[in-house]
Amino acid sequence: MKWNQTHIPTLKESPAEAEIPSHKLMLRAGLMRKLAGGIYTFLPLGLRAYEKVERIVREEMNRAGAIEIRMPALQPKELWQRGPRWDAAQRVMFAASPADGSKFAPGGELVLGPTHEEVITSLAADEIHSYRQLPKNFYQIQTKFRNEIRPRFGLMRAKEFVMKDGYSFDATEDGAVKSYEAMRAAYQRVFERCGFGTQQLKCVWADSGVMGGKYSQEFMVTAECGENEIAFCEKCSYVANVEKAQSKLARLEDGEAPANVGKFPTPGVKTIEDLTKPPFLVAADRQVKTLIFIADSKPVLVLMRGDHPLNEVKLAAATGAIEFRAAREDEIVPLMGARPGSLGAVGKSGVPIYADEALRGRFNMVTGANEDGFHLRGVCVERDIKVTKWADLRSVAAGEPCPECAAPLRIQRAIELGHIFILGTKYSEKLGANYLDEKGQSHPCVMGCYGIGVTRTLAAVIECFNDKDGIVWPMAVAPFHVCISLLDPAKEASAKIAQEIHDALEREGVEVILDDRDERPGFKFKDADLIGFPIRVTIGEKSLAKGGVEVKQRATGEMKLLPPAEAVKEIVAAVRR
RNA sequence: CGGGGCGUAGCGCAGCUUGGCUAGCGCGCUUGGUUCGGGACCAAGAGGUCGCGGGUUCAAAUCCCGCCGCCCCGACCA
């Protein structure tokens, strides 16, 4: 490929819209252009790099025994309404209505697919009848559409993006776990092949969210711009999304024996911190924090240790509510009889009370008296409060002891590239994906689902591999392996050598672009560094006078002067390594 | 949707506070010339409904109102 035959519009400055390195570089290196917020055109180099990632994903899926299919992006709304999560799903879906506002053609209303559990399960309901057909694992690589509340960082969170989504069907729970484990191993290989090292790549325990199902793990790559936080142990292998992470807290001493509950005046006290000050001097970890939430339009009480932050994802998981928010004061007062600052759960009934595990067994605690300006002391949580459900509700903090080995936990931001779930029978039951076992009895298939953000992975590669001069592509994902910087395209001798090296490399299957532009050397070097081709071959009068061409590694800066034939050999070896 | 910021040539910006004369600068682009191993130089050009609509005014990029778009922080997720 010759540079002049393609289109690589590099920019000297990054557009103001880009904030993070990968977004800036994708625009500057001419990989993509924005059409609208969260919607991008892939230019030739961006497309090539994208296709590399896609190929790695496809190869590893096939190797793991998954079967590629292609489902429609346009889907009947009615199918979603029959599925188990229509209420939660509507928020992110685009409806595909006729643009002129006219009625839908026969067949009903359509939506653009944000994911495909409903479609695949309905397909499985029609196609799978017998245990003899199981297990099956279908996948596709396809454009998804989501009405992201806030598109962000270029390809990191886009309204239109490419996802590899896969769905396994098994007869038994054990089988589903096997399918899941096979995918986990395949995902590990995909991301390793994309260039991520064990230091930055983490497979973490995660919350299942609206997807439902028993357990799930996310593949994360640590990065400053990541939208997730992961907690991991410095000593052992424990690592989890903070939405799920736990820690082993030291037991606190509450004194000899539980005292009786006593009310005392606390005029003007509004916060946990207020109570820690004179004249009260109640440590935050001796207080019970009482929070009121509206979960699916019903109030719930949430009890936390005073110094612990609530983790809303864990609360959502504990309550099973789809939508919840903090209650307003005008909702709290009629319910509790007091305003925030003096709230407490002692003696409270008729409202679900969720308590964090860190409060279990505690006594001689202080909490609001449900009377403005008063608190209670001597509270024994299990004796005095009718807890509906104990649950892990708090966010772990950096430095807390690892739940497995008690070494300090660290917290880092990370980008989620893949997510794998065991779904169970949530979808198959609802949509009738059943099979007959050996005895002729009908059972719902046990499902798993597995996603990789393919376009996001591309962005993450750039986010992780760049320096002050531009992108530093891992060989496996680079749009071209080699750039030949021909410094004097007008000089016949140089041009001939460049063409010969180019052709020889192509014959060996090396992807090479020949910079034949009529530009100054410095300009070509800057462009090559910005785009980040792993290997650059420089052909100019200087090198030729010394009897060869220069072969330079982008990542290390290492440079060798070699005769053309040697250079070709060296490069072929490096590319195949 | 809540909070913050921005919208002036393809890109990056100045001008707006305190309204006024032909709307400016750098990069990029075109033409000619000189250059040619780390984003060259000289000269001559092309390119703008100052996001859109309304208002105030003799006069609006500049002041006021409304809308739209983009970016950042939060709730959602591959």
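Every chain is numbered from 1 and lettered A, B, ... according to where its sequence line falls, protein lines coming before strand lines.
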- request: Return the stacking result for G39(B) and F525(A): yes when the ring centres lie under 5.5 Å apart and the planes under 30°, no otherwise.
  value: no

query: Tell me the ring-ring contact (aromatic ring centres under 6.0 Å, His included) pairs involving residues 525-564 of chain A, sequence neighbours left out?
result: none

d(CZ, R91(A); P, C1(B)) in whole Å: 15 Å

- prompt: What's the OH-C1' distance between Y139(A) and A78(B), to the nearest Å?
  reply: 17 Å

Distance below 4.0 Å between R152(A) side-chain N/O and C71(B) OP1 or OP2: no

Assigned partner base of C70(B), Watson-Crick or wobble definition, under 3.5 Å: G5(B)

- request: Provide the Watson-Crick or G-U wobble partner of U22(B), both distances under 3.5 Å; none if there is no partner.
  value: none

query: For the side chain of R536(A) and the base of G38(B), is some donor closer than 3.5 Å to an acceptor across the two?
result: yes

- request: Confirm from the modelled atom types if R28(A) and G39(B) form a donor-acceptor pair under 3.5 Å, side chain to base only.
  value: yes

field: Whole-Å distance separating the CG atom of D518(A) from the P atom of U30(B)
entry: 12 Å

query: Rounded to the nearest Å, what distance is computed from the CG atom of residue L11(A) to the P atom of nucleotide G12(B)?
result: 9 Å

message: If I take atom NZ in residue K491(A) and atom P in nucleotide G37(B), what distance separates them, rounded to the nearest angstrom?
response: 10 Å

field: E17(A) CD - G5(B) P separation (whole Å)
entry: 20 Å

task: Starting from P on G37(B), measure out to CG on L561(A) and report it in whole angstrom.
output: 17 Å

message: With a 3.5 Å cut-off and heavy atoms only, can you find an N or O donor on one side and an acceptor on the other between the side chain of K552(A) and the base of G38(B)?
response: yes

message: My understanding is that a pair needs two contacts under 3.5 Å, Watson-Crick or G-U wobble. By that rule, which nucleotide pairs with G28(B)?
response: none

- prompt: Mind checking who A61(B) pairs with, Watson-Crick or G-U wobble, both distances under 3.5 Å?
  reply: none

- request: Assess the side chains of Y215(A) and K244(A): does a donor N or O sit below 3.5 Å from an acceptor N or O?
  value: no

query: Rounded to whole angstroms, how far apart are CE on M163(A) and C1' on A78(B)?
result: 6 Å

